[in-house]
Participant: 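What follows is a structure written as C-alpha cells; I'll ask about it next.
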Amino acid sequence: MSEQDDHIYAMRHSLAHIMANAIQHIWPEAKFGVGPVVNHGFYYDIDLGDTTLSEEDFDKIEAEMRKIIGEDQPFERFEKPVDEAIAWARDAKQPYKEELLNDLKRAGTTVAKDLSADEMGTIAAGDAQIERVSFYKNGDFTDLCRGPHVESTGKVGAFQLQRVSGAYWRGNEKNAQMQRVYGVAFETEDDLKTYLGMLEEAKRRDHRKLGQELDLFVFSDLVGSGLPLFTPRGTVLREEVGKLTQELRERNGFTRVWTPVIAKTDLYKASGHWDKFGDELFLVKSQETSDEFVLRPMNCPHHVQIYASQPRSYRDLPLKFMENAGDYRDEKTGELHGLSRVRSFTQDDSHAFVAEDQVKDVATELVEASREMYSVFDMELKFRLSFRDDGDGYLGERELWEKTQAQIEELAKENNLDYYIEEGEAAFYGPKIDFMATDALGREWQVATVQLDFVQPERFGLEYVAEDDSRPRPVMIHCALLGSIERFLSVYIEHTAGKFPVWLAPEQIRVISVNQEESTVAFTGKISEEAKKLGLRLHVDNSNESVGKKIRAAELMKVPYAVVIGQKEIESEAVVPRVRKDMAVQDGEDPIGLEEFLKTVANEAKSRVHKTSLNG
RNA sequence: GCCACCUUAGCUCAGUUGGUUAGAGCGGCUGUUUUGUAAACAGUAGGUCGUCGGUUCGAAUCCGACAGGUGGCUCCA
C-alpha cells in the first residue's frame, strides 16, 4: 500500500467514526456493530431499534458530520485491558461491541469467524493473544478500534452518504439485521465528483435500461421473475457470441453434444450436487411414473454420462464435449438482478476428459482461447486462481486438491498469466481458474472459468484403458468461456454501452429513404435483397417521416451504419454511409459504391473487428 | 429468503390535505405533407391507477396480504 492509499484508508475509516458519532448525537440509543472501509468509501452497521433510516435522513446526518468535522477534533488513541474494555461496552450499552470483545478475549481474532479478515482488522489488532485492545476517541465519541485514523476530524476530505440497507450482524443471516449506512469518500472534491460521475455513467449504461431501450430482452410477470425473454434483437447477440465461443473450442477439438434439460434426481445424488445445492433445484414430477426429475442446474453430470456410455481407451483422450446448454436454478428472489443473476441461463459449457499428464496442455489451450475471445470483446483479462481454504464442504481427498492446485499454479506461471491466488473461492469439487474481465468503466467481472475436477470422475466411476492395461481415472476439466451467456451479455452491454461492433449489432445497416416514390421503394428493396445475400442484418426505413427523424431513430438504436437513399443515390448507385461515432475514424464525405459498401460491412462482420474499415 | 424503498397508458413521468368524467410528452394509429443526415403539422386510440382484501358516504391517495421491481445483506455448482 502506498502512503497515499494509507491516507485514504485512514480518512475513510475516520469518516465511519464521524458518521457513527453524528448518528449517536441524533439517536442516542444507537447501538453500533462494525464500521469498516470498503471500496471507494466506508459504512457503519447500526441498530436503531424501531427507527428506520431512509435517504431523507442523510441531510441531517451529513450536517451533523460537518459540524464534527468543523470542530477539527483530534483522534486520540488509548488502550485498555480486555476486561476493562468489556466493562466499558456494558456501561455504554453497546452489546455488539461487548460481543466482539468477549470473542476477542476468548480466542483472539479468529473466533469472530462470521467476520471477514478485513472487518476483523478494523476492530482489533491481529495478534492471536489479546490482552489489551485499542480505542480511538474524538470529541464525545469513543470506539473500539484498531485504527489508523487521520490526526483530527478536520482532515477527512470529501464525502457523501450514499445509501442505507439491511445487513446481518456479522454477516450471518441467522443474526439480527442491522442498518448499514454507506458513504463514499475521496481526498478531494474533484476525486469525489469524478467517482460520482462514473456512477452516473454506470447508471446510463445499466444493461437493464439498455435492454429495454434497445429492445434486447424483456421480463414478464406471467413467465416469472429471473426468467428473461430475448427479443429478435437480443437473440442475435446470444447467437453470435454463442457461435464465437464454440468456434474457438472447435479449433481445439471440442465436439458438440446435446443433452436434455431434465434428469432424474438420482443423477444429481450421484454427482453430489443434490446434497450441496438441493434447495436450489427446480423439481419436476412425472404424472405417470414415480420418477422425480430436476431441471438441470448444470451440465457436467449429463456429459459424464456420455463419457461413461462406452469403454474408453487412452487413445480416445482427451475427449472433449461442448454444449451451449440451458440451465435452471431456483435462486432466492432477492438475489435476482437483470441478466446478471437469473433463474434460467445458458452456459457455453465444455468438458474435457483427459489423462493426468494432459491436464496442463488442455487447460492451456482453454486459457489461450479465452484470451483470444476477450481480445475480440476488447476487454482485459486477469486470472484468479481459486483454491480451497480450510473450511469443510469440499469433496475429495486433501492430497488431490493440493496436487491439482500445484498444477494450476504451474500452468499460470508457464503461461505468464496476470494472476493472483484466492483461497476459499474454489468449487466444492475442485480448484478453478476464474477469468476477471475489466470493462470500460474499470469494473472487474468474473466471466470465464476453467475448473479441474477429480471428484466427479471418482463418484461416477469413470475410467479408461491405459497403455499398460491398467484402469486409471480421467481428469475432468470444466470450462465456460463466456460463463453464462446472460451474465456475459449483462457485462458486455454495459462495457459497450449498447454500441455493439458490426459483427454483433442486431441491426448492422439502416437504410433511410428520402421519399416514398416508386423508384425509391424499388431501389431500397434491391439493397435489402443484396444485403440478405451477404448475410447482413439490414433494415429499410421507408416510413413517411422526415429524414432527420429517421436518422435520429437509427442513432437511438445505435445502428452502426445508416445510409440515406434519395434520387442522387439511386442514379449513382453510391452512398455516403453515416458511421456511428465510436466506430468512425472521421466522418466521410466521399461516396462509396453501394456494392463495395455492403461487401466491406460483410467483411467487418466476418472478421469481428471493433472499428470501421471505411475511412468514413 | 432477510431489511428498506418503489409500482399511474407501450416508454418517461404529473396527479394538491381521501372528493365528480385520472393528465402530459414520446411512441402507436389516421390524415395532410414527399421530406437530404438527431424530432414536420393536425387528429385519434390507449389506463379496473400491479393484484386481492379492508377502512370510509367516497380510495390512485389510508391499512393489510400477495406479485413484480430497486438498493443492500446472505448465497452463487
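Since the model is a prediction, treat every value here as computed from it, not as a measurement. Each chain gets a letter, A, B and so on, in the order the sequences are listed, and its residues count up from 1. Both backbone and side-chain heavy atoms feed into the values below; hydrogens, waters and symmetry mates do not.
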Participant: If the glycosidic angle sits within 90 degrees of zero it is syn, else anti. Tell me which applies to rG46(B).
Facilitator: syn
Participant: Take atom C1' in rU55(B) and the same atom in rC63(B), then report the distance between them in whole Å.
Facilitator: 7 Å
Participant: With a 6.0 Å cut-off on the ring centroids, do Tyr195(A) and His40(A) count as close?
Facilitator: yes
Participant: Touch check for Gln451(A), heavy atoms < 4.0 angstrom, all strands: base, sugar-phosphate only, or nothing?
Facilitator: sugar-phosphate
Participant: Taking 4.0 angstrom as the limit, do Arg249(A) and Asp348(A) come out as a salt bridge?
Facilitator: yes
Participant: Check every atom of rG27(B), rC76(B), rG71(B) against the side chain of Arg163(A) and return the nucleotide holding the closest atom.
Facilitator: rG71(B)
Participant: Would you indicate what Lys276(A) reaches in the nucleic acid, counting non-hydrogen atoms under 4.0 angstrom: base, sugar-phosphate, or nothing?
Facilitator: nothing
Participant: What pairs of residues pass the salt bridge (Lys or Arg N to Asp or Glu O under 4.0 Å) test when at least one of them lies in residues 542-552 of chain A, not counting sequence neighbours?
Facilitator: Glu545(A)-Lys549(A)
Participant: When you measure from the side-chain N and O atoms of Ser546(A) to the phosphate of rA40(B), is any distance below 4.0 Å, counting only OP1 and OP2?
Facilitator: yes
Participant: Counting any heavy atom closer than 4.0 Å, what does Lys568(A) reach on the DNA or RNA strands: base, sugar-phosphate only, or nothing?
Facilitator: base
Participant: Looking across every strand, which nucleic acid part, if any, lies under 4.0 Å from Glu569(A) by heavy atom: base, sugar-phosphate, or nothing?
Facilitator: base
Participant: Mark yes or no for a side-chain to base donor-acceptor pair under 3.5 Å between Arg341(A) and rC76(B), with no hydrogen or angle criteria applied.
Facilitator: yes
Participant: Confirm from the modelled atom types if Glu555(A) and rU37(B) form a donor-acceptor pair under 3.5 Å, side chain to base only.
Facilitator: no
Participant: I'd like to know if Glu173(A) reaches the base of rC73(B) with its side chain, counting only an N/O donor and acceptor under 3.5 Å.
Facilitator: no
Participant: Using a 4.0 Å heavy-atom cut-off across all strands, classify Glu517(A) as base, sugar-phosphate, or nothing.
Facilitator: sugar-phosphate
Participant: What N/O pairs connect the protein and nucleotides 49-52 of chain B at under 3.5 Å? Give each pair on its own line.
Facilitator:
none

Participant: Using 30° and 60° as the class limits, which term best fits the ring planes of His351(A) and His478(A): parallel, tilted or perpendicular?
Facilitator: perpendicular
Participant: Could you state the atom-to-atom distance from CG of Leu53(A) to C1' of rG71(B) in whole Å?
Facilitator: 14 Å
Participant: Using a cut-off of 4.0 Å on non-hydrogen atoms, how would the nucleic acid contact of Gly548(A) be classed: base, sugar-phosphate, or nothing?
Facilitator: sugar-phosphate
Participant: Is Lys382(A) atom NZ crowded by more than 12 heavy atoms from other residues, nucleotides or ligands, each under 6.0 Å away?
Facilitator: no
Participant: Base, sugar-phosphate, or nothing for Gln179(A), non-hydrogen atoms under 4.0 angstrom?
Facilitator: nothing
Participant: Check every strand shown and say whether His478(A) touches a base, only sugar-phosphate, or nothing at a heavy-atom separation below 4.0 Å.
Facilitator: nothing
Participant: Tell me whether the side-chain N or O atoms of Tyr43(A) pair up with the base of rG72(B) as donor and acceptor below 3.5 Å, since no angle test is needed here.
Facilitator: no
Participant: Scan Arg296(A) against the nucleic acid and name what it touches under 4.0 Å (heavy atoms): base, sugar-phosphate only, or nothing.
Facilitator: nothing
Participant: Over all strands shown, is Tyr182(A) touching base, sugar-phosphate only, or nothing at heavy-atom distances under 4.0 angstrom?
Facilitator: sugar-phosphate
Participant: Touch check for Val547(A), heavy atoms < 4.0 angstrom, all strands: base, sugar-phosphate only, or nothing?
Facilitator: sugar-phosphate
